[in-house]
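Since the model is a prediction, treat every value here as computed from it, not as a measurement. Only this structure's heavy atoms are used, side chains among them; waters, hydrogens and symmetry mates stay out.
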Amino acid sequence: MKMKRIVIIGAGAAGMSTASRVKRLKPDWDVKVFEATEWVSHAPCGIPYVVEGISPKEKLMHYPPEFFIKKRGIDLHLNAEVVEVEQGKIRVREKDKEKSYEWDYLVFANGASPQKLNIEGISLKGVFTADLPPDAVAIRNYMEKTDVRNVVVIGTGYIALEMAEAFVVQGKNVTLIGRSERVLRKTFDKEVTDIVEQKLREHINLRLGEQTLRIEGKERVEKVITDASEYKADLVIIATGIKPNIELAQQLGVKIGETGAIWTNERMQTSVENVYAAGDVAETKHLITGKRVWVPLAPPGNKMGYIAGSNIAGVDITFPGVLGTAITKFMDLEIGKTGLTEQEALKEGYDVKTAFIEARTKPHYYPGGKKIWLKAIADKESGKLLGLQAVGAEILPRVDAFAVALQAGFTTKDLFFADLAYAPPFAPVWDPLVILARVLKF
């Protein structure tokens, strides 16, 4: 196969995974990556921790740009905004001038952007989103120059909770405003969110079921007005969700899926020949339901990039799909899930059996044991596992083990007999997962 020109839009996790994979398999191919910011291989998940001050902003890049250019031979263009996409070429704005580049293969890896709140005062100084590394830098700079005491976070998802924590830890008065009646409403059932909300109320002013009407201030933000009250604000974070950046793909006539993200097959190919999509801009399928889903998370994004790069370079490999496995925390309360919630399973038409337990992470006689709550969902008739939600302490090994069990098609009986490790410093002899299976099954 003669030398090919690969153009990748976006230098985040998916884009750089694609570029690195193509270069590994076809070192002599011309691989160009165009990134609108100066950040490459960045980790948006780390933003709240930079804002909190526990990690320097430079660490948000997994590798510096020079690594990709010198070590991997990738032609990396930073501060390069792709403005137009056509069959066989793209137009890019670089250093105030526009330039065209030709491609044999094109990859959309240009991620997602924050949902805009259509309210007054959104452009006031001190109002931020928390989506990309430059946001973390801007928030830190603002806090250094301004006396920030009262912070308002608008939103009830993962980012909203993580950003609220970042300011609580710094001794700020934090108000979290949500339109919905409970936090994490789309991804967790009520038993779990009740525990999360109780924890939130210990540290912040939690205002649920309130619609934000406008943001007010003269020189900079001063307060947030809702349909129920008003709140002092020296800084506002808008974390009301994200949407995939599909506009460039639409210029090329690429099919947009039912989720609103770019439709792809299991090789990450789009509906247009030699055009691929990976990461937060692309949809995939759910491993349990088989339906199209959009799950903008870093681990699948990286793998999608690897799959796209492999297929472009002639290695046939498919991406099986996702379970939506995710984890976060608020202060010392860990929150995680994999697979379907009860509400999702019912919506899919499953006849479900559920169990919700409270357990401890170590035997009662061993110091340091903490509480863990687990909720499992299974199909009533077959006993096939459908999902897990976990909250409390040391939840990661349970969420991960359950994710593997889901992917392997385990039943509650299989989980009950799973040969899990035990020693008093690590876990009770009846691991919480095994107790959960016992309650579900017997």
Audit row: Leu374, Phe402, side chain to side chain contact (heavy atoms under 4.5 Å, CB included) steps and yes/no: CA-CA 11 Å; Leu374 298 173; Phe402 206 99; over 6 Å; no

Taking side chain as C-beta onward, heavy atoms only, is [X] less than 4.5 Å from [Y]?
X      : Y      : value
Leu323 : Ile288 : yes
Thr212 : Arg179 : no
Val196 : Val391 : yes
Ile69  : Ile74  : no
Lys26  : Lys4   : no
Ile119 : Leu213 : no
Ile215 : Ile122 : yes
Asn205 : Asn173 : no

Worked verdict on Leu340 versus Ile377 for side chain to side chain contact (heavy atoms under 4.5 Å, CB included): CA-CA 7 Å; Leu340 304 176; Ile377 294 92; 5.7 Å; no

Side-chain ([X]) to main-chain ([Y]) donor-acceptor, under 3.5 angstrom:
X      : Y      : result
Asp431 : Leu433 : yes
Thr129 : Asp131 : no
Thr270 : Ala277 : no
Glu35  : Leu78  : no
Lys186 : Phe188 : no
Trp294 : Asp280 : yes
Asp227 : Glu210 : no
Lys329 : Leu333 : no
Glu334 : Ile395 : yes
Ser20  : Ser17  : no

I need the minimum non-hydrogen distance between [X] and [Y], along with the two atoms involved.
X      : Y      : answer
Thr18  : Val107 : CG2-CG2, 4.0 Å
Trp430 : Ile435 : O-CD1, 3.5 Å
Leu386 : Ala345 : CD1-CB, 4.3 Å

Within a 6.0 Å radius of atom [atom1] on [X], are there more than 12 heavy atoms belonging to other residues, nucleotides or ligands?
X      : atom1 : answer
Lys190 : NZ    : no
Phe67  : CZ    : yes
Lys303 : NZ    : no

Asn311/Ile317 under side chain to side chain contact (heavy atoms under 4.5 Å, CB included): CA gap, chis, key distance, verdict: CA-CA 7 Å; Asn311 282 290; Ile317 179 169; 4.0 Å; yes

Partner residues of Arg292 under the salt bridge (charged side-chain N to carboxylate O under 4.0 Å, His left out) criterion, sequence neighbours left out: Glu283

Point-to-point distance, once rounded to the nearest 0.5 Å, from CZ of Phe356 to CG of Leu440: 13.0 Å

Residues [X] and [Y] bridged, charged N to O under 4.0 Å:
X      : Y      : value
Glu202 : Lys199 : yes
Glu394 : Lys370 : no
Glu197 : Arg182 : no

Worked check of side chain to side chain contact (heavy atoms under 4.5 Å, CB included) between Met163 and Tyr158: CA-CA 9 Å; Met163 292 305 292; Tyr158 293 118; over 6 Å; no

Parallel, tilted or perpendicular: ring planes of Phe128 versus Tyr142, cut at 30 and 60 degrees: perpendicular

Ring geometry between Tyr276 and Tyr105 (parallel below 30°, tilted from 30 to 60°, perpendicular above 60°): tilted

Evaluation steps, salt bridge (Lys or Arg N to Asp or Glu O under 4.0 Å), between Glu344 and Lys291: CA-CA 12 Å; Glu344 286 167 339; Lys291 291 191 174 168; over 6 Å; no

Gln389 side chain to Asp189 side chain, donor-acceptor N/O pair below 3.5 angstrom: yes

Name of the residue among Phe417, Phe410, Phe416 meeting side chain to side chain contact (heavy atoms under 4.5 Å, CB included) with Lys413: Phe417

